[in-house]
Amino acid sequence: MMNLKTLRNTALVLVTAVVLAGCKAGGDNPGLEYAPNMYHSVAYEPYSQITDEDAGRWLTSIDYDDGHAEFFNSNTLNPHRMNMRLPAPRTVSRNYMPYHIPKDSLEMAAKIPSPLTGDEKAILADGKVLYEIYCDHCHGAKGEADGKVATGVVVDGVERGLYAGVANLKGDAYKDITEGHIFHVITMGKGLMMPHGSQISPEDRWKIARYVKSLQK
Ligand code: HEC
């Protein structure tokens, strides 16, 4: 017969051992989980598929229709039982604005009105920041073609820019260009100016266009 004290000590050792066993974790071993239902979501987990139907059998208390155990997390209706599927063909991502006007159709592009609505001040504030990042070094802070890249380099005694022929956006030739025109030039480039369509999101391009118009006033 074990006396009470030994029983208590044995219980203490056992409890301590179980608690400490839970501390052992590393690599793929998450350690002992005391409330696994809290870690293993019942919803389909797109990034952590569990294909083993018997995973978590020891815990299973519900009779799942397809006979799997607690941790099983795979969508049996999908190919390869994937939880996440590829988007359907021709799916368009949110906020994507299709733009298929060819580079040489500037006149057509110029007729497109800006889709930006709402807080004018906020649009111009964003436009200014973006202009300073993407345009200022050539076109200058006020659009007068006096950016760092466009001026100040002396070659054979003649002052000229590294980047020749930058347009003075305040010049008469550009006074009446529309936001659609500016959007198109930013997107596709024109003449000596390279396109910026791949660097700047469509929304940001429209913001810059609005800001350029405000510079011209
Ligand atoms: C590397 C220098 C450079 C950068 C950066 C640059 N541009 Fe230009 N831009 C030019 C040059 C050069 C021209 C003249 C193109 C030509 O007619 O050959 C030009 C022309 C333009 C024109 C006139 C287009 C027309 O109808 O003739 C606009 C509008 C314009 N740029 C806007 C912008 C905006 C907005 C940005 C910033 C997103 C920008 N540019 C960035 C060099 C630059």
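Numbering starts at 1 and runs along the sequence shown. These figures come from a predicted structure and were not determined experimentally. Just the heavy atoms: all of them, side chains too, but no hydrogens, waters or symmetry mates, feed the values below. When a ligand or atom number is given, it counts from 1 through the structure's own listing order.
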Show me a pair-per-line table, with atom names and distances to 0.1 Å, of protein N or O atoms that are under 3.5 Å from an N or O of ligand 1.
| from | atom 1 | to | atom 2 | distance (Å) |
| --- | --- | --- | --- | --- |
| ligand 1 | 7 (N) | His139 | NE2 | 2.8 |
| ligand 1 | 9 (N) | His139 | NE2 | 2.9 |
| ligand 1 | 18 (O) | Leu192 | N | 2.8 |
| ligand 1 | 26 (O) | His181 | NE2 | 2.6 |
| ligand 1 | 26 (O) | Lys190 | NZ | 3.4 |
| ligand 1 | 27 (O) | Lys190 | NZ | 2.8 |
| ligand 1 | 31 (N) | His139 | NE2 | 2.8 |
| ligand 1 | 40 (N) | His139 | NE2 | 2.7 |

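- Taking the six-membered ring where the residue is Trp, Trp206 and Phe183 present parallel rings, their angle staying beneath 30° rather than reaching 60°.
- Looking at Thr6 and Asn3, their side chains do bring a donor and an acceptor atom within 3.5 Å of each other.
- The distance from the OH atom of Tyr44 to the CG atom of Leu77 is 6.0 Å, given to the nearest 0.5 Å.
- The side chain to side chain contact (heavy atoms under 4.5 Å, CB included) test with Ile101 singles out one residue from Leu106, Ile112, Thr187, and that residue is Ile112.
- Judged by distance alone, the side chains of Asn83 and Asn73 do bring a donor and an acceptor atom under 3.5 Å apart.
- The two atoms that bring His139 and Met193 nearest to each other are NE2-SD, 4.1 Å, heavy atoms only.
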